[in-house]
Each structure stands twice: as structure tokens, then as C-alpha cells.
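Below, each value reflects all heavy atoms present in this structure, side chains not excepted, and no hydrogens, waters or symmetry copies. Chain identifiers are assigned alphabetically (A, B, ...) following the order of the sequence lines, protein sequences preceding nucleic acid strands; residue numbering begins at 1 within each chain. Nothing here was measured: the structure is a model prediction, and the numbers come from that model.
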Amino acid sequence: MKVAERIYIGVAWPYANGPLHLGHIAGAYLAADIFARYHRTKGNEVLMVSGSDQHGTPITIKAEQEGTTPAEIAARYHKQFLENWQTLGISFDLFTTTGTANHAAVVQDMFLTLLKKGYIYKDTVKQAYCPQCQRFLPDRYIEGTCPYCAFVGTRGDQCDQCGKPINTIELISPACRICGDKPEFRDTEHFFLKLSAFQDRLLAWVRKQTHWRPNVLNFTLRYLEDGLKDRAITRDITWGVPIPVSGFENKRIYVWFEAVLGYLSATKEWAKTIGDEERWRTFWQGNSKSYYFIGKDNIPFHTIIWPAMLMGYEGLNLPYDVPSNEFLTIEAKKLSTSRNWAVWVPDYLSRYDPDPLRYLLSVNMPESNDTDFSWQEFFRKNNDELVATYGNLVNRVLTFTFRNFNGCVPEPGELDSASREMIGKAEATIKTTDELLYGCHFKQAIKSAMLLAQEANRYLDGKAPWKTIKQDRQDSATSLYVAIVVLSALKTALYPFLPFSSQKLHEFLGFRGTPQQGGWKLNSPQPGQKMASPSPLFTKLDEELAIEESKRLGSL
RNA sequence: GGCGGCGUAGCUCAGUGGCAGAGCAGGGGACUCAUAAGCCCUUGGUCACUAGUUCAAAUCUAGUCGCCGCCA
């Protein structure tokens with residue numbers, strides 16, 4: 001029938017200077033995982049990679065505050081990320097870091113190739129320098145008075161008080177944040193990426209990407225039409241990938257140029273781990289589609305800068321789609337890690353199961369709008385939708401069947417029109433979710449699956465097998481068989497979203513292996529098939545806890 | 001300040017030219033297999049605001065206000 005496709009899935013690289021929060025999950029990781037599980041179930045060849053971003057100024061600042069090294073901070077959070085992916089069921093084929101030798105080699109190869117082709121050039125700029133510390137200072141290492149609002153603790157990149165971005169040189173009475181001395185501005189040499197050279201090629205390419213989400217496409221087009229400026233890709237710092245040019249030993253390649261290359265370096269690392277070093281080519285040079293799952297703040301890096309680098313390098317696949325999500329607000333307010341206005345993933349996982357969160361964030365995914373997470377809504381959706389509609393459906397069908405038919409799938413009699421229609425709807429749902437997931441319409445896909453659960457509840461109510469069991473055992477068996485077929489459709493359709501409960505249901509129905517192995521189709525259980533003793537898929541949560549959870553927000 | 005997006009029922013969100021929608025919450029009912037779950041009926045809207053285009057606007061255009069992001 002269909003030829004298997006190759007699907008490369010690159011997911012945003014989380015910054016290893018703090019724990020993951022719900023914004024990360026809703027913005028990129030959950031959608032990527034849903035997409036990966038869906039394609040694997042379809043039988044397609046999937047590679048999903050990412051890793052922790054270990055470089056950059058915030059990590060060095062945090063390390064200095066804690067009296068430790070950037071590497072230690074990065075290692076600590078990297079370990080935590082790996083645990084969180086495991087527990088949440090985010091199924092990376094490889095989750096590495098930007099701290100590997102392999103990554104540095106890939107970055108330096110890109111750097112030298114673009115340099116040789118003339119897409120990278122040297123220039124001199126003025127940069128803050130602290131004579132006391134004898135070092136150049138990144139923007140965030142300088143504090144002074146805001147020239148616009150006179151706020152005193154303004155950093156060199158942006159004013160927290162009035163929100164205006166600042167040119168470090170404009171700060172009134174600037175001071176080094178390390179020693180408090182007055183910085184000077186000195187000349188320093190840096191490398192620049194010649195983005196302007198790609199303007200026309202990028203514009204022509206982007207105009208053809210009509211399958212991109214409208215906000216991604218519009219934003220990118222406008223950005224390009226405004227004209228691209230060359231950007232500095234090196235900094236006067238010591239934490240990062242070294243510049244492979246002599247005379248630049250004390251400088252490093254800046255994160256935004258370096259981190260995106262993780263997509264490629266992670267693929268090469270994956271190929272080595274499976275013992276087939278050249279295998280990376282199947283996802284980068286072969287007939288493979290590249291998807292990048294990121295938050296909206298990252299759009300220009302993935303639709304402009306990264307494609308420009310790939311065009312300059314030549315011979316590597318450009319992104320096929322960049323299904324960027326919007327943001328998640330928490331209880332109607334903007335998420336803020338510094339004010340602890342966030343729901344932290346390790347904290348969530350210490351008290352609750354992964355599937356209820358995956359359900360809420362799927363149904364309310366910020367696909368085209370910012371959407372809101374509130375604890376009240378989380379408890380409500382768990383209790384009144386996930387448990388009531390789906391969990392209870394599974395439980396009522398399985399416990400009744402188990403009790404009355406010796407724990408086996410009942411032998412159906414002839415199907416009447418209502419039963420045929422019910423099975424038709426199950427098949428239609430598999431097909432609909434297939435199309436929706438293929439096009440990255442995650443929210444619609446899970447809603448259409450939940451609709452099938454509602455239909456099944458309605459069907460059962462009409463058939464009332466608990467009544468017919470008394471006079472017409474065959475009729476009862478038939479309607480339960482039909483309901484079980486629907487459950488089997490649901491465990492497939494919901495598997496990408498709710499992998500843990502789908503696996504349980506798969507086993508309750510008497511199947512071996514995983515839902516993924518059944519493929520993206522309706523796998524009807526055989527009449528007489530031995531089922532496993534059922535237990536509830538989900539549990540109701542005490543809604544009073546929502547108040548307690550909300551109180552945690554914002555407390556430090 | 002420039003650019004892009006968003007603003008729809010009490011709540012969370014669909015809906016991009018053709019009679020304003022879903023889920024939940026609220027009200028009523030019949031049932032009882034099931035996690036007091038499920039099913040049927042039902043209340044509820046100035047589609048942020050203003051002006052336009054059109055036979056017809058939540059939808060297209062211009063402006064205003066508010067929120068989010070990017071850039072300077």
C-alpha cells in the first residue's frame with residue numbers, strides 16, 4: 001500500500017540552567033512526541049532528537065552565583081531532563097547535549113565551511129571591557145541606570161523596569177556586575193554570518209512553504225521582506241565551542257549559531273550509537289522530511305538563520321515544516337521563572353501521573369493562540385472529561401464483560417444497523433485522526449478521538465447490555481463486542497497522546513506487545529480472546545487540591 | 001517604536017464571506033452496567049471597540065484599545 005516515509009523530528013534544545021516547566025512541554029515536546037509516536041505507529045522511519053543546551057551567559061552567571069562550574073550546572077539539569085522525558089513519556093531516539101566533542105566538531109566544520117565559502121567574515125566592533133577583571137563583559141554582566149526611565153538596576157541588554165532594550169553603551173554610569181568597576185569600551189574582532197547573502201534564496205524558498213502554519217509563514221515573510229542584517233556569531237567569552245581559527249583562542253562561537261547545529265550533530269551521534277556511522281545521511285540527504293518543533297520565540301532561528309546556514313553549507317535537507325506553538329500562560333498570567341510563576345515538571349511528576357497532563361495540554365495545546373493552564377481546569381478536565389468520558393467507558397465495558405463472559409471477548413451475533421454504524425464510526429475516527437495528525441493538527445485529532453468515546457457511551461446506553469443480558473444473552477454479547485472494538489480503536493487513536501493508558505488498555509483487551517505494533521488501523525480483538533482483569537485507567541482527583549496547588553504559584 | 005499573532009458563552013477553547021458552535025459549569029428528565037460516572041432535553045453571546053467594503057462580516061479593509069512574541 002503506502003511506502004514508508006522518513007520523518008526527522010528536531011525539538012528545541014532546552015537550556016540547562018533550570019528545571020523544565022509546563023511551558024516547555026506545551027510549546028514543543030508534547031507535540032513532537034505525539035507526532036513521533038503517530039508516525040512510528042504508521043510504520044514510518046522516525047528519528048526524534050534533541051539535547052540540552054549547555055552554553056551561554058545565563059549558565060555561567062548561575063555557576064558564579066553558586067560557586068561552581070557551568071559544566072556542573074549543565075550536567076545536573078541534563079540528568080534531570082532525561083528522567084523527566086522518561087516519566088512523561090517523551091520518546092526521544094537520542095537526547096544528547098551541546099557539550100560533546102562530536103557537537104564541537106560538527107559546529108567547527110560548519111564554521112570553517114561557511115568561512116571558506118565567504119559566508120562568514122571578520123569585523124571589528126566595540127565591546128565593554130572591565131579593566132579590573134581583565135575581561136570583556138557580555139551585556140548581561142553590566143548594570144547601570146536606564147537612559148529611558150532612570151531605573152537603577154538595569155542590565156546591559158534590556159531594562160526590567162520599562163521593558164526597553166538597551167544598547168550597553170547607552171547605560172548611564174555603567175558598572176561591572178562582578179567587581180563593580182567602571183567598564184571601558186574597547187575594539188574587538190569578531191566573525192559575522194553574512195545573512196544578507198541569503199536574502200533572495202530564502203525569500204524564494206519560504207514563499208513555496210504554503211503548508212506552514214499561517215503565523216509562522218507570515219512572520220517569516222515579513223521578517224525577510226524587511227531585509228536581513230549580518231549577525232555576529234562569536235563572543236568574548238570562554239564557555240562555549242572554540243573558534244577553529246588561530247588568534248581567537250579566547251573567544252567562543254555564540255550559542256545561537258552553535259545550538260541549532262545540535263540537530264545535525266545529534267543525528268550523527270545517534271548514527272554512531274547504532275553502529276552505522278553513515279546512517280545520518282538517510283535523514284539529512286535522503287528522501288526525508290524534517291520537522292522542527294519549537295516555541296514561537298524561536299521562529300526566526302528555524303525559518304531563516306538555520307535554513308541560511310544549511311543553504312550555505314549545501315547538500316543538507318532544509319526544514320519541511322516548523323510547527324511552532326504559541327505560549328502557555330499559567331492561571332491567566334505570563335509564565336515567569338524568576339518569580340516562580342510556573343508549574344515545574346519534576347514537581348508535577350512527584351504528585352501526578354503523566355497522562356492527565358498530556359491530555360490537558362493536548363486538548364488545550366497553544367497551536368494558534370496562547371492558551372491558559374490553571375489547576376482548576378486541570379482537575380476539572382481530568383475528572384469530567386478524561387475519567388468520566390473515556391476512563392469510565394473503558395471501565396464499564398470491561399468490568400461488565402469480564403464478569404459476564406468469563407473474561408473473554410464475547411462472540412458477536414449478526415450486527416444490526418446501529419452496531420454497523422458504531423464500528424463505521426470507529427474506522428472513520430482512525431482515518432480522521434490519521435489525516436489530522438499527518439498535518440500536525442493535534443488538538444483537533446484528540447478531540448475527534450474523544451468524540452468517539454462519547455459516541456460509544458451513547459451506543460451502550462441505547463443497547464443497554466446490562467438489561468439484555470437477562471433476556472437475550474446474544475444481543476448483550478453483540479453490543480459488548482462492538483463496544484470492545486471501539487475501545488480497540490480508541491487505544492490506537494489516543495496512543496500518541498496518552499501512551500501509558502493506551503498500553504494498559506491494549507493489555508486489558510488481551511493484546512500482546514504495544515499499541516504501536518498494531519499499526520494505525522482498527523485492530524479488532526478476536527471473539528473468544530482472553531482479556532486481562534481490568535482496573536480503572538485514570539483516577540479522579542480531589543478538586544480541593546486545586547486551591548492548594550494554586551497557592552504554590554509565585555511563592556519562592 | 002517597527003513587525004507578526006491573538007481578543008468569540010460563567011470557564012477552557014473551535015469556527016476565515018452564508019441562520020453564532022463544542023466541552024465543562026448552571027437548570028430539568030429518564031436510566032442504573034460503570035470511578036454518584038454515562039444518556040436525553042435545556043438556560044446562556046453587543047463575536048474587544050469604531051468606521052467602512054459586500055445581497056450577506058466573528059470572518060475582508062482602516063483605525064482604536066488590550067494581551068503575547070520577535071526586532072531596534
Whole-Å [atom1] distance, [N] and [M]:
N	M	atom1	answer
B:G5	B:U61	P	10 Å
B:U16	B:A57	C1'	10 Å
B:A20	B:G44	C1'	13 Å
B:C3	B:C40	P	50 Å
B:U12	B:C68	P	16 Å

Side chain of [X], heavy atoms from C-beta onward: which of [options] has the nearest atom to it?
X	options	answer
A:K296	B:C68, B:A25, B:C39	B:C68
A:K443	B:C13, B:A25, B:G5	B:C13
A:Y223	B:U35, B:C70, B:C40	B:C70

Can you name the residues that form a side chain to side chain donor-acceptor pair (under 3.5 Å) with [X], not counting sequence neighbours?
X	answer
A:E377	A:R380, A:K381
A:D475	none
A:Y320	none

Scan [range] against RNA chain B and write down, sorted by residue number, each residue with any heavy atom closer than 4.0 Å; if none is found, say none.
range	value
residues 372-383 of chain A	A:D372, A:E377, A:R380, A:K381
residues 464-491 of chain A	A:W466, A:K467
residues 386-393 of chain A	A:V387, A:A388, A:G391, A:N392
residues 395-409 of chain A	A:N395, A:R396, A:T399, A:F400, A:R403
residues 529-539 of chain A	A:P536, A:L537, A:F538

Does the side chain of A:E549 pick up a donor-acceptor pair with the side chain of A:Y348 at under 3.5 Å?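 The answer is no; no qualifying pair exists.
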*Mind checking whether A:Y38 and A:Y438 have parallel, tilted or perpendicular rings, split at 30° and 60°?*
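The rings of A:Y38 and A:Y438 stand perpendicular, inter-plane angle above 60°.
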Output side-chain donor-acceptor pairs under 3.5 Å for residues 537-548 of chain A, partner residues at least two apart or in another chain, one line each.
unit_1: A:D542; atom_1: OD1; unit_2: A:E544; atom_2: N; d: 3.0
unit_1: A:E543; atom_1: OE2; unit_2: A:N383; atom_2: ND2; d: 3.4

Of all pairs that satisfy side-chain hydrogen bond (donor to acceptor under 3.5 Å, both in side chains), the ones with a partner from residues 397-408 of chain A, not counting sequence neighbours
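Residue pairs with at least one partner in residues 397-408 of chain A: there are none.
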Residues 462-473 of chain A vs side-chain hydrogen bond (donor to acceptor under 3.5 Å, both in side chains), sequence neighbours excluded, gives A:D416-A:K463
Could you check whether the side chain of A:D461 and the base of B:G38 have a donor-acceptor pair of N or O atoms closer than 3.5 Å, going by distance alone?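 Result: at least one qualifying N/O pair found.
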Next on the checklist: Under 4.0 Å, heavy atoms only, any strand: does A:T371 hit a base, just the sugar-phosphate, or nothing?
Outcome noted: sugar-phosphate
- Item | B:G5 phosphate, OP1 or OP2, under 4.0 Å from A:N218 side-chain N/O |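 Checking B:G5 against A:N218, a side-chain N or O does come within under 4.0 Å of OP1 or OP2.
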- [ ] Let me see the working for A:K296 and A:E326 under salt bridge (charged side-chain N to carboxylate O under 4.0 Å, His left out), right down to the final yes or no.
- [x] CA-CA 5 Å; A:K296 66 173 164 181; A:E326 306 283 309; 3.1 Å; yes
Self-check item: Intermediate values then yes/no, salt bridge (charged side-chain N to carboxylate O under 4.0 Å, His left out), A:E507 and A:K504
Solution: CA-CA 5 Å; A:E507 289 164 15; A:K504 267 166 96 178; over 6 Å; no
When rounded to whole Å, the CG to P distance for the pair A:N298 and B:C70 reads 9 Å
_Can you list everything that forms a salt bridge (Lys or Arg N to Asp or Glu O under 4.0 Å) with A:E427? Sequence neighbours excluded, please._
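Salt bridge (Lys or Arg N to Asp or Glu O under 4.0 Å) list for A:E427, sorted by chain: empty.
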Answer for the Watson-Crick or wobble partner of B:A30, both distances under 3.5 Å, is none
